[in-house]
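Below is one structure; the comments refer to it alone.
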Amino acid sequence: MGNRTLVNLPTYFTATFPAGGYGPGEVRTTTLLGHTVRIRPVFHTTTITLGDGTTLGPATSTGGGYPGGDLVHTYTHPGTVTTRATVVYSGQFSVDDQDWANLPGTATITGPAQALQVLQATNRLVR
């Protein structure tokens, strides 16, 4: 329901990848000096900044929804927090359909901030 959760309710987080880029396992192919070169990103970790002074991760998954997601946090105070995901990638390449080889180093990408409203519900006995 539009980036809202409740105090004392477990909130499940998922890092998603934009449709316009290349996510883990996707392959881009190009020709370079007459050779077919394939490149693919390799996912390593996700860290979720929760906006209340805590983080989840680094985790070796992208999280997921209820009930199987493994990036879960319970907020204890109402308010609006700013969350964001940071993902660490490396890459691999293959030339002319040979075995994949690792590219040196990693890249850290921080996604856009997402506002999350943490609400407090009050229950009442109504006659």
Side-chain angles (χ1 to χ4, degrees):
M1 291 276 267
N3 287 354
R4 293 192 280 175
T5 190
L6 290 173
V7 169
N8 299 322
L9 179 72
T11 303
Y12 289 75
F13 290 86
T14 304
T16 58
F17 302 93
Y22 290 88
E26 293 182 47
V27 176
R28 180 167 188 158
T29 303
T30 190
T31 301
L32 182 64
L33 301 173
H35 296 277
T36 301
V37 179
R38 297 181 299 154
I39 299 172
R40 68 179 176 194
V42 176
F43 168 81
H44 285 273
T45 62
T46 302
T47 301
I48 306 289
T49 303
L50 298 163
D52 65 354
T54 60
T55 59
L56 293 173
T60 56
S61 81
T62 57
Y66 174 84
D70 61 344
L71 296 176
V72 182
H73 180 66
T74 301
Y75 289 94
T76 57
H77 301 292
T80 300
V81 296
T82 301
T83 64
R84 71 177 68 236
T86 300
V87 177
V88 176
Y89 291 100
S90 65
Q92 295 181 322
F93 71 97
S94 169
V95 178
D96 294 332
D97 292 322
Q98 297 295 315
D99 290 339
W100 289 99
N102 293 323
L103 292 166
T106 60
T108 300
I109 310 275
T110 299
Q114 298 286 319
L116 174 65
Q117 234 184 338
V118 182
L119 304 172
Q120 186 165 352
T122 305
N123 56 3
R124 295 181 210 133
L125 184 58
V126 178
R127 293 176 107 185

Check: Pick one: which of Val72, Thr62, Leu50, Asp70 meets side chain to side chain contact (heavy atoms under 4.5 Å, CB included) with Phe13?
Finding: Leu50
Item checked: Atom of Ile48, atom of Ala85 and distance for their closest heavy-atom approach -> CD1-CB, 3.7 Å
Note to self: I need the minimum non-hydrogen distance between Gln92 and Leu103, along with the two atoms involved.
What the structure shows: N-CD1, 4.0 Å
Margin query: For a quick test of reading the model, state the closest non-hydrogen atom pair linking Thr46 to Ala15 and the distance between them.
Written below: CG2-CB, 3.9 Å
Check: How about His73 and Tyr75: are their ring centroids closer than 6.0 Å?
Finding: yes
Notebook entry, point to check: Is it the case that more than 12 heavy atoms not belonging to Asp96 sit under 6.0 Å from its CG atom?
Noted result: yes
Item checked: Nearest-0.5 Å distance, CG of residue Leu33 to OG1 of residue Thr31 -> 10.0 Å
Item checked: Test item: Val81 and Val118 side chains (from C-beta on) under 4.5 Å apart, heavy atoms -> yes
Item checked: Residues Thr110, Thr86; criterion side chain to side chain donor-acceptor pair (under 3.5 Å); working and verdict -> CA-CA 4 Å; Thr110 299; Thr86 300; 3.2 Å; yes
Check: So, for Ala59 and Phe43, which heavy atoms are closest and what is the spacing to 0.1 Å?
Finding: O-CZ, 4.2 Å
Notebook entry, point to check: Which atom names give the shortest non-hydrogen contact between Gln98 and Arg38, and what distance separates them?
Noted result: O-NH2, 3.8 Å
Margin query: Quick check: is Leu71 connected to Tyr66 through a chain of hydrophobic side chains (ILVMFWY, heavy atoms under 4.5 Å apart)?
Written below: no
Checklist line | Test log, rule side chain to side chain contact (heavy atoms under 4.5 Å, CB included), inputs Phe17 and Ile109 | finding: CA-CA 11 Å; Phe17 302 93; Ile109 310 275; over 6 Å; no
Item checked: Backbone N/O of Gly63 and side chain of Ser61: donor-acceptor pair under 3.5 Å -> yes
Next item on the list: May I ask you to test the Gln120-Asn8 pair for a side-chain heavy-atom distance under 4.5 Å?
Entry: no
Next item on the list: Report the C-alpha distance between Ser90 and His44 in whole Å, list the side-chain angles of each, state the deciding distance to 0.1 Å, and finish with yes or no for side chain to side chain donor-acceptor pair (under 3.5 Å).
Entry: CA-CA 7 Å; Ser90 65; His44 285 273; 2.6 Å; yes
Next item on the list: Begin from the C-alpha positions of Thr36 and Thr29 and carry the test side chain to side chain contact (heavy atoms under 4.5 Å, CB included) through to its verdict.
Entry: CA-CA 7 Å; Thr36 301; Thr29 303; 3.6 Å; yes
Next item on the list: With rounding to the nearest 0.5 Å, note down the distance linking OG1 in Thr5 to OH in Tyr12.
Entry: 11.0 Å
Notebook entry, point to check: Are any side-chain N or O atoms of Ser94 and backbone N or O atoms of Trp100, one a donor and one an acceptor, separated by less than 3.5 Å?
Noted result: no
Checklist line | Nearest atoms (heavy-atom pairs only) where Ala113 meets Arg84 | finding: CB-NH2, 3.2 Å
Item checked: Side chain proximity check, Thr80 to Leu116, heavy atoms < 4.5 angstrom -> no
Notebook entry, point to check: Is there a donor-acceptor pair closer than 3.5 Å between any side-chain N or O of Thr45 and the backbone N or O of Thr60?
Noted result: no
Note to self: Any non-hydrogen side-chain atom of Pro58 less than 4.5 Å from a side-chain atom of Thr47?
What the structure shows: yes
Note to self: Could you tell me if the side chain of Arg4 sits less than 4.5 Å from the side chain of Leu119, heavy atoms only?
What the structure shows: yes
Item checked: Verdict with reasoning, Asn3 to Gln114, per side chain to side chain contact (heavy atoms under 4.5 Å, CB included) -> CA-CA 8 Å; Asn3 287 354; Gln114 298 286 319; 3.5 Å; yes
